[in-house]
There are 2 protein chains.
Amino acid sequence: MIEIDDPTAEAGLAATVKASKAPAISRAAAILRLLGKRGTPLGVQTIARELGLVPSTCLYVLRALVEEELVAFDADTKRYSLDAGVLTLARAWLRRDQFHDLAQPVLDRLSQEFGLTTLGVQLYGLDHIIVTAMSQSSQNFQLSTQVGSRFPALVSATGRCIAAFGEWPEAQLRPRFDKLRWEDAPSWEEWRAQVAEARATGVAVDRGHYISGVTVVAAPVWKAPGRPSHALVAIGIGSAVRGEGLPRLKEALLAAARSLSEQLSG
Amino acid sequence: MIEIDDPTAEAGLAATVKASKAPAISRAAAILRLLGKRGTPLGVQTIARELGLVPSTCLYVLRALVEEELVAFDADTKRYSLDAGVLTLARAWLRRDQFHDLAQPVLDRLSQEFGLTTLGVQLYGLDHIIVTAMSQSSQNFQLSTQVGSRFPALVSATGRCIAAFGEWPEAQLRPRFDKLRWEDAPSWEEWRAQVAEARATGVAVDRGHYISGVTVVAAPVWKAPGRPSHALVAIGIGSAVRGEGLPRLKEALLAAARSLSEQLSG
DNA sequence: GAATGATATTCAATATATCGAATGATAGAG
DNA sequence: CTCTATCATTCGATATATTGAATATCATTC
């Protein structure tokens with residue numbers, strides 16, 4: 001799957017910093033994300049330029065992050081990179097997230113039964129989604145993502161899911177839809193029709209639009225009434241999603257999502 | 001394995017905040033760690049009390065963290081907990097950490113061959129270590145930790161490793177040694193002797209001191225000359241580490257650690 | 001080897017994040 | 001239902017984090 005740029009990194013930072021009562025934290029988060037995205041160690045100046053920060057401020061923030069072991073500092077090269085402290089936080093999150101725990105066995109079963117890759121994702125409004133659980137079947141060729149990956153909200157089957165059950169005004173959907181990148185982008189009308197179908201059936205499908213040859217199915221999960229908080233996703237290639245397979249998969253995904261919703265709200 | 005409390009959480013926070021030029025970040029990190037440790041969602045007041053923060057400041061920090069999706073806010077209960085944003089950072093870290101990538105296949109091979117659990121850990125001076133890679137054999141009963149776990153630096157075999165190759169003054173070692181919790185704590189003299197042996201052989205061993213019945217072996221890994229930066233650890237129970245097994249394991253671990261050191265420094 | 005351009009870092013002025021008291025909001029007891 | 005206790009939240013005064021210029025350090029070019 002294709003990764004996306006983080007919109008908050010460059011453009012929105014100035015605004016976020018201004019509005020906040022703790023701007024150092026926005027800056028720190030932006031730095032962490034930048035270091036994560038780049039992967040290679042960066043110097044103070046580079047980071048500051050990239051994020052539009054004052055170098056001295058950037059230095060102080062980095063030093064604080066180093067102190068907290070969220071950022072590693074190489075004294076020889078004077079370069080900064082992510083440190084293992086972020087792992088400790090992630091482990092704590094994984095251990096306690098209800099959806100993750102409940103979804104994992106369900107995903108394992110589904111990916112086994114249908115021979116495809118399944119994901120549990122958390123929805124963040126119209127901005128993006130984050131993969132929080134994953135399971136792969138033992139088949140040879142598999143599409144793969146990792147827990148922690150971010151994708152734009154409205155793309156693929158999950159996007160139709162969000163549009164179908166989020167009750168968002170069209171004025172908010174359209175501009176975001178126009179910015180998406182698909183391998184074979186649907187027209188706005190085509191997409192609207194598919195969203196309507198998702199609303200009717202309870203499951204959204206993307207047939208080769210996001211990635212050609214790949215069928216993605218998504219079903220919404222609710223933690224509370226209102227907008228769905230999570231979704232179950234199945235990603236299939238080849239025979240797994242052809243012919244009789246697809247309706248059965250949709251059925252199974254829908255049932256699993258309903259069951260999860262009940263468990264989460266109870 | 002037994003988890004440890006984070007020393008920076010309560011006691012050291014005030015000092016760290018005072019010294020820093022970006023105190024909001026220390027507070028933010030402390031909040032993240034607290035939320036991670038507790039697992040259950042917490043209110044502003046509770047967090048502030050626990051960490052010795054002013055409630056209003058605590059609120060501002062929390063809001064900034066929510067904005068960055070590092071903390072989730074339940075508007076109904078007004079409780080805060082870790083959010084999935086920390087996952088994204090962790091994934092980025094895992095993807096780019098050289099030691100993690102190089103160590104994983106080595107650990108897989110070792111755990112398979114000897115039928116035990118192996119870890120790759122990153123060393124943080126005399127403070128603590130963080131597990132950054134793990135592999136388990138397919139045997140039924142296995143000791144288990146997770147990537148991201150933290151342990152005190154000087155405990156078990158890794159501790160002897162750090163003491164043996166870190167060239168720390170005794171005055172710094174002793175007070176930390178005295179604070180450790182073992183199931184069957186060795187005396188200071190006993191421990192010193194084992195550290196000396198580790199220095200001589202290149203591998204450290206803990207025979208049931210940290211956890212009774214469990215043998216832990218650790219070998220240091222260097223990214224650069226000076227103090228070791230990482231270590232390879234093998235954790236065995238029963239026959240895997242009895243008789244002829246142990247010397248063979250020590251040999252294999254040492255060889256693997258040497259090879260890794262070379263790859264990392266090159 | 002001097003000069004150049006880039007970097008990281010320090011420092012004092014000032015915009016502002018932080019504090020503590022005051023205000024709302026909420027839940028539980030009587 | 002009222003009272004009380006505890007919580008989250010707002011707000012103005014002030015200690016201080018942030019800034020931008022100045023300095024120090026480093027690598028590279030002529």
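Throughout, protein chains are lettered first and strands after them, A, B, ... in sequence-line order, and every chain is numbered starting at 1.
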Look at the side-chain N and O atoms of [X] and state whether any lies under 4.0 Å from the OP1 or OP2 oxygen of [N].
X	N	value
B:Arg27	D:dA17	no
A:Arg49	C:dA6	no
A:Lys78	C:dT9	yes

Side chain of [X] only, please: which of [options] is the nearest?
X	options	value
B:Ser56	C:dT10, C:dC19, D:dT18	C:dC19
B:Ala24	C:dT18, D:dT9, C:dT10	C:dT18
A:Gln45	D:dA17, C:dA17, C:dT7	C:dT7
B:Tyr60	D:dC11, D:dC7, C:dT10	D:dC11

[X] has an atom [atom1]; how far is it from atom [atom2] of [N], in whole Å?
X	N	atom1	atom2	result
A:Leu62	C:dT10	CG	P	14 Å
B:Lys21	C:dA17	NZ	C1'	14 Å
A:Ile25	D:dT18	CD1	C1'	15 Å
B:Arg79	C:dA27	CZ	C1'	11 Å
B:Glu50	D:dC7	CD	P	12 Å
B:Tyr80	D:dC7	OH	P	14 Å
B:Leu53	C:dC19	CG	P	8 Å

Using a heavy-atom cut-off of under 4.0 Å over every strand shown, decide if B:Val54 touches base, sugar-phosphate, or nothing. base
Can you list the steps and then say if A:Thr40 with A:Ser81 is a side-chain contact (heavy atoms from CB on, under 4.5 Å)? CA-CA 7 Å; A:Thr40 124; A:Ser81 53; over 6 Å; no
So which one's nearest nucleotide on DNA chain D is more toward 5', A:Cys58 or B:Leu59?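 Taking each residue's closest nucleotide, the earlier one in sequence belongs to B:Leu59.
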Chi angles and distances behind the side chain to side chain donor-acceptor pair (under 3.5 Å) call for A:His128, B:Glu69: CA-CA 11 Å; A:His128 57 264; B:Glu69 281 170 20; 2.7 Å; yes
Please give the nucleotide sitting opposite C:dA17 as a Watson-Crick or G-U wobble pair, both distances under 3.5 Å, or none.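 Across all strands, the one nucleotide that pairs with C:dA17 is D:dT14.
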Could you let me know what D:dT23 is paired to, Watson-Crick or G-U wobble, both distances under 3.5 Å, or none if it's on its own?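 Partner of D:dT23: C:dA8.
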What do the steps show when you test B:Asp83 against A:Gln122 for side chain to side chain donor-acceptor pair (under 3.5 Å), and what is the final call? CA-CA 10 Å; B:Asp83 201 356; A:Gln122 187 161 329; 3.2 Å; yes
Measure the CD1-CH2 distance between B:Ile162 and B:Trp168 for me, rounded to the nearest 0.5 Å.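 Output value for this atom pair is 8.5 Å.
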Look at atom CZ of B:Arg258 and say whether more than 12 heavy atoms of other residues, nucleotides or ligands are closer to it than 6.0 Å.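 Incorrect, the count does not exceed 12.
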By nearest-heavy-atom nucleotide on DNA chain C, the more 5' of B:Pro55 and B:Asp76 is B:Pro55
